[in-house]
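One structure is given here, and the rest of the page talks about it.
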Amino acid sequence: MPTIVVIGTQWGDEGKGKIVDYLAEQADAVCRYQGGNNAGHTVIAAGKVHKLHLLPSGILYPGCICVIGNDVVVDPAVLLQEMAEMKAQGGEVSGLRISSRAHVIMPYHRLLDKLIEQSKGDKKVGTTGRGIGPCYEDKIRRVGIRFASLMDPESFAEDLRLNLRMKNEVLTKVYGESPLDFDQIYNEYLGYAEQLRPYVTETSRLVNQMVRDGKKVLFEGAQATMLDIDFGTYPYVTSSHPIAAGACIGTGIGPHSIGKVVGVAKAYSTRVGEGPFPTELRDATGDAIREAGHEYGVTTGRPRRCGWLDAVVLRYAVEVSGVDCFALTRVDILDQMPTLKICTAYRIDGKVVTDYPANLRDLAKAEPIYEEMPGWQCKTFGLTHYEDLPENCRRYVERIEAITGCRAGIVSVGPDRHQTIVRESMF
Ligand code: IMP
């Protein structure tokens, strides 16, 4: 079945955007299945840099259907801005389809995101502040506003009134904020509704029909395994399911409709926001990786925490998403490193642990057990054949494969579409 789910195997920012963009060239549809504008994908095509937050990466290919699935939370102002930018750069957005079941991020979600974070003090998650968590909270609380409601002024008025009654209580009494005004939000959002109406539809039927017709469909996860609400480093996670199973819930396909799972893994580790990160390097090596890799958030501009590759994390990601092969990215960023380390297990209270622990206290004590390998100290940037990689680089790739039991089907050595080594056909 020519359907592929692309997931992040670490803490996000693995380069999924580039891999999805690369695969999208052959795809009939690209479906984003969770998250919102907390995500940031950088795609470089024909020398132009595109920073995408909500638009699926396939948007750069005219004719590709780009679905924003039901488990994506959409800030309409951000989406409209991104669509406008795409058009201004000569792109097209006519292939966009937004699920009528997707939830809408409202001004009170953004406000509450910040207030809740502030009230947590040093227990803050370090969210992107885009209202993601509060919007998913409302969805689960069964008071969220979906596109289906936004498209119907009467339903929207009813939903907004109920929400403002509840939210204004909290905003004024708990946080001492001013209440939000119904008319202002109502009129603003009706304006968004009119602009987005042509794109809103029942996407699950559309996607299932494409799968039945044997079309090539890509499912694009945002964030990554270690930020998954169940399988990540809870509570330092996002509020949705970036793992492969999220593609089913987030677009309305059955598990048998997934042909292949590609796990995007960066050749080293990074994390933004708070939370455990056993292989973090708070030293000159970490700084060197950050500078070589320009590791600053696309969405918030925050410097990313950097560290060695953690194979415990990769093995875990392979297991919980049933990853068939890796797309190993940003290998070229390590070109100048004299030695490299791969974490194969942790030592916790004197015991060797090879599975990712659920308990944060255990993780806080985890000392990485490393294998050290010589670097290759020459340029891999832009190479397109695996055999052309320096021997030590191939050894690094193959050692990762051996430790995780998962092949690297793609090796990426640069941000452009064409700076990609493909070792097996994907569709
Ligand atoms: P939220 O998704 O804004 O609620 O943030 C929750 C956690 O997920 C924070 O640690 C964020 O830094 C992290 N996060 C959210 N989106 C991304 C992403 O696209 N890449 C990396 N980290 C992310």
Side-chain angles (χ1 to χ4, degrees), residues 6-20 32-43 51-57 71-75 78 82 103 105-106 108-120 122-140 220-243 246 250 263-266 268-277 280 290 293-307 310 313 317 329-330 360 363:
V6 179
I7 61 140
T9 57
Q10 296 152 313
W11 283 277
D13 311 310
E14 295 92 350
K16 292 182 296 293
K18 169 185 163 164
I19 300 301
V20 173
R32 170 82 185 272
Y33 62 81
Q34 44 69 236
N37 60 314
N38 47 351
H41 287 166
T42 307
V43 178
K51 291 193 190 289
L52 305 176
H53 298 281
L54 276 165
L55 288 172
S57 307
D71 197 31
V72 178
V73 288
V74 180
D75 189 325
V78 173
E82 221 168 283
H103 281 246
I105 296 184
M106 304 297 296
Y108 45 79
H109 292 138
R110 290 190 299 266
L111 190 53
L112 284 167
D113 196 354
K114 293 191 177 117
L115 293 168
I116 293 166
E117 279 283 90
Q118 276 164 19
S119 72
K120 283 185 176 166
D122 63 2
K123 293 274 186 226
K124 74 175 197 288
V125 174
T127 72
T128 58
R130 303 299 193 256
I132 307 296
C135 186
Y136 279 112
E137 252 180 69
D138 278 0
K139 173 175 175 170
I140 301 304
E220 173 182 21
Q223 292 88 43
T225 308
M226 302 315 282
L227 293 171
D228 185 278
I229 185 82
D230 274 276
F231 293 97
T233 52
Y234 191 89
Y236 299 98
V237 291
T238 193
S239 300
S240 62
H241 288 294
I243 63 167
V264 185
K266 185 143 66 176
Y268 49 93
S269 305
T270 60
R271 172 164 204 166
V272 245
E274 311 302 316
F277 181 5
E280 181 169 13
R290 184 177 309 104
H294 309 291
E295 291 290 356
Y296 295 88
V298 177
T299 300
T300 58
R302 289 181 287 179
R304 296 181 183 140
R305 300 154 66 193
C306 297
D310 189 336
V313 164
T329 59
R330 315 212 86 200
L360 291 194
L363 269 173

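Numbering of ligands and ligand atoms starts at 1, following listing order. Bear in mind that the values here come from a model prediction, so they are computed numbers and not experimental data.
At the shortest separation from atom 12 (O) of ligand 1 among protein heavy atoms lies R302 NH2, 3.0 Å. Regarding atom 19 (O) of ligand 1, its nearest protein heavy-atom neighbour is A39 CA, 3.3 Å. Among protein heavy atoms, atom 3 (O) of ligand 1 sits closest to T128 OG1, 2.6 Å. For atom 5 (O) of ligand 1, the closest non-hydrogen atom on the protein side is T127 CA, 3.3 Å. Nearest protein neighbour of atom 7 (C) of ligand 1, counting heavy atoms only, is V237 O, 3.8 Å.
Contact atoms of ligand 1 toward G126: 9 (C), 10 (O), 11 (C), 12 (O) (distance under 4.0 Å to a heavy atom of the residue). Residue contact check: V125 has heavy atoms under 4.0 Å from atoms 6 (C), 10 (O) of ligand 1. If you number the atoms of ligand 1 from 1 as listed, the ones under 4.0 Å from a heavy atom of D13 come out as 20 (N), 21 (C). Per-residue contacts place W11 under 4.0 angstrom from the following atoms of ligand 1 (heavy atoms of the residue considered): 21 (C), 22 (N).
Applying the side chain to side chain donor-acceptor pair (under 3.5 Å) criterion to H109, with sequence neighbours excluded, gives D138. With sequence neighbours left out, F277 forms a ring pair (Phe, Tyr, Trp, His ring centres under 6.0 Å) with W11.
When N38, T238, L227 are ranked by how near their heavy atoms come to atom 14 (N) of ligand 1, first place goes to L227. Here atom 17 (C) of ligand 1 lies nearest to Q223 when heavy atoms of E14, Q223, H41 are compared.
With a 6.0 Å radius and a threshold of 12 heavy atoms from other residues, nucleotides or ligands, Y234 has its OH atom at or below the threshold.
Polar contact with ligand 1: absent for S239 (N/O pair, distance under 3.5 Å). Residue D113 places no N or O, backbone or side chain, under 3.5 Å from any N or O of ligand 1. Of the N or O atoms in V272, one or more lie within a sub-3.5 Å distance of an N or O in ligand 1. The distance criterion of under 3.5 Å between nitrogen or oxygen atoms is not met by R130 with respect to ligand 1.
A distance of 9.5 Å separates OH of Y236 from NZ of K124, quoted to the nearest 0.5 Å. Note that the OG atom of S240 and the CG atom of D228 stand 7.5 Å from one another [nearest 0.5 Å]. Rounded to the nearest 0.5 Å, atoms CZ (R290) and NE2 (H294) are 13.0 Å apart. With values rounded to the nearest 0.5 angstrom, R305 atom CZ is found 4.0 Å from E280 atom CD. Atoms CD1 and CD1, on I229 and I243 in that order, are 11.5 Å from each other to the nearest 0.5 Å.
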E295 vs R304, salt bridge (Lys or Arg N to Asp or Glu O under 4.0 Å): CA-CA, chis, key distance, verdict: CA-CA 5 Å; E295 291 290 356; R304 296 181 183 140; 2.7 Å; yes
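A salt bridge links D75 and R110; the closest N-O separation between the charged side-chain nitrogens and carboxylate oxygens is under 4.0 Å.
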